[in-house]
K.L.:
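Following this message is one structure expressed as structure tokens.
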Amino acid sequence: MVYNSLSGKKEVFEPLNPPFVGMYVCGPTVYSDVHLGNVRTFVSFDVIYRYLLHLGYKVRYVRNITDVGHLENDADEGEDKIGKKARLENLEPMEIAQRYANGFHEVLQQFNLLPPSIEPAATGHIVEQIAMAQKLLDNGLAYEVNGSVYFDVTKYNQNHHYGKLSKRNIEEMMESGRELAAQDEKRNPIDFALWKKASPVHIMRWPSPWGEGFPGWHLECSVMGQKYLGETFDIHGGGMDLKFPHHECEIAQSVGAYGKDPVRYWLHTNMLTVNGQKMSKSLGNSFLPHELFAGSHPLLDEAYSPMTVKFFMLQSHYSSTLDFSNEALKAARKGYKRMINGLRVIRKMTWQDDDGQPNEALQNQVEKQIAACTSAMNDDFNTALTIGQLFNLLKKINSLHSGQLKFGELGEDLFNRLKQTYMTFVEDILGLIEEKPAGFDELVEALMTLYREAKHAKDWPRVDEIRAALKENGVVVKDMKDKIDWAYDES
RNA sequence: GGCGCUGUGGCCGAGUGGCUAGGCAGAGGUCUGCAAAACCUUUUACAGCGGUUCGAAUCCGCUCAGCGCCUCCA
């Protein structure tokens with residue numbers, strides 16, 4: 001089941017051409033560093049992508065890079081964001097785009113996100129965008145004024161519903177539309193640009209049938225979605241704030257050009273908030289990932305690692321707002337470490353034929369918990385609920401590890417499925433990984449060897465000393481009845 | 001103003017009609033050289049008012065509070 005923004009309901013997910021799934025996610029505009037809110041969207045869709053792969057779908061995941069066409073201001077009148085930055089820094093626009101695209105990739109890698117199948121750039125598809133604008137002109141749904149081409153929303157709305165995604169109607173939009181003096185080229189304020197004539201100072205420009213210019217922002221996604229996924233594809237994702245006008249315009253363009261709805265399931269991620277307010281570039285309350293990792297933002301008490309932040313995000317549902325605070329992040333860090341400690345334990349654990357007798361109540365409970373992981377993900381990718389279930393499984397794993405639960409009580413088959421489930425969900429589906437510096441394992445093993453020796457000799461002062469040294473490296477010792485192990489310090 | 005969303009225990013955050021979410025924090029216990037980790041038990045809930053129902057955090061209405069989109073933003 002997925003929540004479809006278009007219908008406003010949860011629907012059964014049925015791909016158009018199983019086992020293939022086409023998924024398009026609006027990527028970043030590369031004119032500045034990605035902030036954490038952007039990251040949330042990509043983290044969410046990464047998990048969705050991973051889960052669909054896990055279910056056996058052959059997913060083509062397209063996530064674009066917007067490197068032209070995104071204007072600084074409303075009303076299609078501002079300066080291009082990339083172009084402006086290029087002018088300010090006296091660089092080629094492509095240098096700007098490349099720099100921030102690189103930074104974007106670095107950040108996503110720190111969060112352990114899988115790369116998309118295709119990552120097309122808007123500037124690489126100028127020809128196709130011109131063709132689509134021309135097609136809309138031919139279909140009578142666009143008009144050219146003075147070297148610019150605009151989409152005729154009113155005309156389109158005669159036979160279609162402009163506003164069906166964002167649940168608006170154009171009468172209201174016409175009334176509440178802002179009166180901006182510079183809009184005289186457009187027939188109606190709600191029309192939007194498919195192609196803009198380049199002013200003499202505009203750096204980014206391409207030849208077109210209408211003179212030198214550049215494409216409108218909404219066009220690229222329609223074009224690239226159609227090119228790589230077809231005229232109709234399964235999933236289109238993006239942040240809530242793109243619903244209108246961006247996604248609405250995409251629908252209008254595609255329907256206008258090809259006569260069919262481009263997307264079957266629209267998925268929108270909700271916003272990250274800070275003190276209850278949307279985190280956004282323009283409000284200046286957004287964190288940059290590296291500020292978070294370094295703890296260098298005034299609102300942060302200390303540094304939080306990528307996996308801590310990712311775990312924090314996954315503990316809520318993608319369609320809910322999520323409020324950022326130091327307290328919440330600290331709690332998430334402990335939770336994350338607990339989960340990863342569990343991963344370390346289960347990885348090394350193998351079935352042991354002990355004298356435990358099958359415990360039916362326990363077996364039923366574990367069966368249910370295993371099944372619940374899948375059903376939670378099946379229910380609109382509910383990672384929060386999934387994590388809750390994984391913690392339930394973790395209790396069993398830890399009980400086995402400490403000898404408080406016997407393997408025989410579970411049975412070999414169930415134990416193997418428990419292990420399989422925990423590892424698959426944590427690593428492959430949620431994409432959570434162990435964070436450790438280079439040489440960490442060797443250092444810890446060396447200290448642990450000393451610890452065991454001192455412990456065996458009952459040299460308590462020495463034991464405490466080594467314990468403190470380990471603690472400094474973020475490790476706590478676990479003394480158990482019959483063995484000694486370590487875990488990541490959760491504090 | 002239009003459209004929409006949210007309000008859960010000390011904190012975060014799932015949950016859409018009856019069945020323990022979970023994490024963090026707190027309390028007690030088991031274990032331990034002492035601890036820690038782990039496990040077990042346990043305290044604190046569903047903004048307010050009214051309605052539907054055998055039964056509501058969950059459905060409906062109203063009130064209050066907060067937020068989002070309508071302009072660039074994931």
Side-chain angles (χ1 to χ4, degrees), chain A residues 8 25-29 31-32 34-45 70-75 78 81 163 166-169 171-173 175-178 180 190 217 237-246 268-273 276-283 286 311-312 315-317 319-325 327-336 338-339 341-342 345 372 376 379 382-392 394-399 401-405 455 458 460 463-464 467 471 476-481 485-491:
Chain A
V25 174
C26 287
T29 302
Y31 70 103
S32 67
V34 278
H35 69 80
L36 219 55
N38 302 39
V39 171
R40 186 194 190 191
T41 293
F42 303 124
V43 165
S44 300
F45 283 103
H70 213 149
L71 301 178
E72 188 64 28
N73 262 306
D74 58 342
K81 288 192 171 187
S166 53
K167 314 282 185 276
R168 314 159 188 247
N169 62 62
E171 290 76 22
E172 280 162 3
M173 283 188 264
E175 283 164 22
S176 63
R178 308 204 172 184
L180 288 171
I190 54 172
W217 172 39
M240 209 74 116
D241 48 1
L242 294 183
K243 224 192 233 184
F244 188 90
H246 185 57
H268 288 101
T269 55
N270 215 321
M271 302 292 108
L272 232 43
T273 60
Q277 272 211 319
K278 177 182 172 181
M279 185 184 283
S280 77
K281 291 183 186 177
S282 43
L283 285 175
S286 62
F311 181 85
F312 170 68
Q315 265 191 308
S316 73
H317 191 258
S319 67
S320 303
T321 55
L322 177 60
D323 199 54
F324 240 66
S325 68
E327 295 68 35
L329 282 166
K330 281 176 212 202
R333 174 165 55 209
K334 292 201 178 189
Y336 157 69
R338 187 168 149 78
M339 180 156 273
N341 280 330
V345 167
D379 187 7
N382 194 331
T383 53
L385 192 52
T386 303
I387 287 174
Q389 293 302 338
L390 288 172
F391 276 116
N392 286 332
L394 179 56
K395 284 187 184 172
K396 306 304 175 201
I397 291 168
N398 281 329
S399 295
H401 186 48
S402 63
Q404 291 169 90
L405 187 64
K455 184 97 188 187
K458 294 195 194 280
W460 307 130
V463 165
D464 292 342
R467 209 185 260 164
K471 177 112 179 156
V476 293
V477 178
K478 292 163 81 170
D479 287 313
M480 287 174 286
K481 271 208 167 89
D485 197 3
W486 61 271
Y488 291 103
D489 185 4
E490 292 177 10
S491 62

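All values below were derived from every heavy atom in this structure, side-chain atoms included, with hydrogens, water molecules and symmetry-related copies excluded. Letters go in sequence order (proteins before strands), and every chain restarts at 1.
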K.L.:
Quote, to the nearest angstrom, the C1' distance that separates B/A38 from B/C46.
P.N.:
32 Å
K.L.:
Between B/G68 and B/G17, how many Å separate the two P atoms, rounded to a whole number?
P.N.:
30 Å
K.L.:
Taking only N/O atoms, report every protein-nucleotides 17-26 of chain B pair under 3.5 Å with atom names and distance.
P.N.:
from  : atom 1 : to     : atom 2 : distance (Å)
B/A25 : OP1    : A/K334 : NZ     : 2.5

K.L.:
Can you check the distance between B/U43 and B/G28, where both ends of the measurement are the P atom (answer in whole Å)?
P.N.:
15 Å
K.L.:
Under 4.0 Å from OP1 or OP2 of B/A14: is there any side-chain N or O of A/S320 that close?
P.N.:
yes
K.L.:
Could A/D489 and A/R333 be called an ion pair, given the rule that one side-chain N must be under 4.0 Å from one carboxylate O?
P.N.:
no
K.L.:
Can you tell me how far P of B/G13 sits from NE2 of A/H317, to the nearest Å?
P.N.:
14 Å
K.L.:
Looking only at N and O atoms, is any donor in the side chain of A/S402 or the base of B/A38 less than 3.5 Å from an acceptor on the other one?
P.N.:
no
K.L.:
Look at all strands and tell whether A/M279 reaches a base, only sugar-phosphate, or nothing, counting heavy atoms closer than 4.0 Å.
P.N.:
base
K.L.:
On a whole-Å scale, what distance lies between the P atoms belonging to B/C62 and B/G2?
P.N.:
14 Å
K.L.:
Please work out if A/R168 contacts a base, only the sugar-phosphate, or nothing of the nucleic acid, heavy-atom cut-off 4.0 Å.
P.N.:
base
K.L.:
Which listed nucleotide (B/C39, B/C70, B/A74) is nearest to the side chain of A/S399?
P.N.:
B/C39
K.L.:
Taking pairing as Watson-Crick or G-U wobble with both contacts under 3.5 Å, can you name the mate of B/G4, or confirm there isn't one?
P.N.:
B/C67
K.L.:
I'd like to know if the side chain of A/D485 reaches the main chain of A/K478, judged simply by a donor and an acceptor atom lying under 3.5 Å from each other, with no hydrogens or angles considered.
P.N.:
no
K.L.:
Of the listed nucleotides (B/G2, B/G33, B/A35), which one gets closest to any side-chain atom of A/W460?
P.N.:
B/G33
K.L.:
Do A/T273 and A/D323 meet the criterion of a side-chain donor-acceptor pair at a distance under 3.5 Å?
P.N.:
yes
K.L.:
Please report the distance separating the P of B/A47 from the corresponding atom of B/A14, rounded so that it comes out in whole Å.
P.N.:
15 Å
K.L.:
Without decimals, in angstroms, what is the distance between A/Q277 CD and B/A65 C1'?
P.N.:
15 Å
K.L.:
Given 3.5 Å as the limit, does a donor-acceptor pair link the side chain of A/S320 with the main chain of A/S316, or not?
P.N.:
no
K.L.:
Which part of the nucleic acid, if any, lies within reach of A/S44 when heavy atoms closer than 4.0 Å are counted: base, sugar-phosphate only, or nothing?
P.N.:
nothing
K.L.:
Just verifying a value: how many Å separate A/K167 NZ and A/K243 NZ, rounded to the nearest 0.5 Å?
P.N.:
6.5 Å
K.L.:
Base, sugar-phosphate, or nothing: which does A/V39 touch, judged by heavy atoms less than 4.0 Å apart?
P.N.:
nothing
K.L.:
Roughly how far, to the nearest 0.5 Å, is the CZ atom of A/R40 from the CE atom of A/M279?
P.N.:
10.5 Å
K.L.:
Any sub-3.5 Å donor-acceptor pair from A/N382's side-chain atoms to A/L385's backbone N or O?
P.N.:
yes
K.L.:
In whole angstroms, how far is the P atom of B/A35 from the NZ atom of A/K455?
P.N.:
12 Å
K.L.:
Side chain of A/V463 only, please: which of B/C69, B/A74, B/G33 is the nearest?
P.N.:
B/G33
K.L.:
Which is true for A/H268 with a 4.0 Å heavy-atom rule: it touches a base, it touches only sugar-phosphate, or it touches nothing?
P.N.:
nothing
K.L.:
Say you draw a straight line from CZ of A/F311 to CE of A/M339; how long is it, rounded to the nearest 0.5 Å?
P.N.:
5.0 Å
K.L.:
Taking only the P atom of each, what is the distance from B/G48 to B/A65 in whole angstrom?
P.N.:
15 Å
K.L.:
So, A/F312 versus A/Y336, ring centres under 6.0 angstrom or not?
P.N.:
no
K.L.:
Rounded off to whole Å, could you give me the OH-to-C1' distance for the A/Y488 and B/A38 pair?
P.N.:
18 Å
K.L.:
Could you tell me the separation between the CG atom of A/N169 and the C1' atom of B/C69, rounded to a whole number of Å?
P.N.:
15 Å
K.L.:
What is the base-pairing partner of B/G50, counting Watson-Crick and G-U wobble geometry with both distances under 3.5 Å?
P.N.:
B/C60
K.L.:
Does A/K281 put a side-chain nitrogen or oxygen below 4.0 Å from OP1 or OP2 of B/A74?
P.N.:
yes
K.L.:
Mark yes or no: A/R338 above the aromatic ring of A/F391, with NZ or CZ under 6.0 Å from the six-membered ring centre and no more than 45 degrees from the axis.
P.N.:
no
K.L.:
Roughly how far, to the nearest 0.5 Å, is the OG atom of A/S44 from the CG atom of A/N270?
P.N.:
10.0 Å
K.L.:
Side-chain donor or acceptor of A/R467 under 3.5 Å from a matching atom on the base of B/G33?
P.N.:
yes
K.L.:
Give one of base, sugar-phosphate or nothing for A/K278, where a contact means two heavy atoms less than 4.0 Å apart.
P.N.:
base
K.L.:
Taking atom types as they are modelled, is there a donor-acceptor pair under 3.5 Å from the base of B/G13 to the side chain of A/N382?
P.N.:
no
K.L.:
Using a heavy-atom cut-off of 4.0 Å across all strands, would you classify A/L283 as base, sugar-phosphate, or nothing?
P.N.:
nothing
K.L.:
A/D241 or A/F312: which one's nearest nucleotide on RNA chain B is closer to the 5' end?
P.N.:
A/F312
K.L.:
Atom NZ of A/K471 to atom C1' of B/A37: distance rounded to whole Å?
P.N.:
10 Å
K.L.:
Taking 4.0 Å as the cut-off, does a side-chain nitrogen or oxygen of A/N398 come that near to OP1 or OP2 on B/A38?
P.N.:
no
K.L.:
Using atom P in both nucleotides, what's the gap between B/G23 and B/C40 to the nearest angstrom?
P.N.:
10 Å
K.L.:
Measuring from the side chain of A/W217 (C-beta onward, heavy atoms only), which nucleotide among B/G13, B/C72, B/A74 has the closest atom?
P.N.:
B/C72
K.L.:
Watson-Crick or G-U wobble partner for B/U42, using a 3.5 Å limit on both distances?
P.N.:
B/G26
K.L.:
Between P on B/C67 and CG on A/L272, what's the gap in Å once rounded to a whole number?
P.N.:
17 Å
K.L.:
Say we look at B/G9 and B/U44: how far apart would their P atoms be, to the nearest angstrom?
P.N.:
13 Å
K.L.:
Name the nucleic acid region contacted by A/D323, choosing base, sugar-phosphate or nothing; use a 4.0 angstrom heavy-atom cut-off, strictly under.
P.N.:
sugar-phosphate
K.L.:
Atom NZ of A/K478 and atom P of B/U32: how far apart are they, to the nearest Å?
P.N.:
17 Å
K.L.:
What does A/G37 touch in the nucleic acid at a heavy-atom separation under 4.0 angstrom: a base, only the sugar-phosphate, or nothing?
P.N.:
base
K.L.:
Name the pairing partner of B/C19, where a pair is Watson-Crick or G-U wobble with both distances under 3.5 Å, or state none.
P.N.:
none
K.L.:
Select base, sugar-phosphate, or nothing to describe what A/S280 touches, counting heavy atoms under 4.0 Å on all strands.
P.N.:
base
K.L.:
Assuming nearest nucleotide by heavy-atom distance, tell me which of A/H246 and A/D464 is located more 5' along RNA chain B.
P.N.:
A/D464
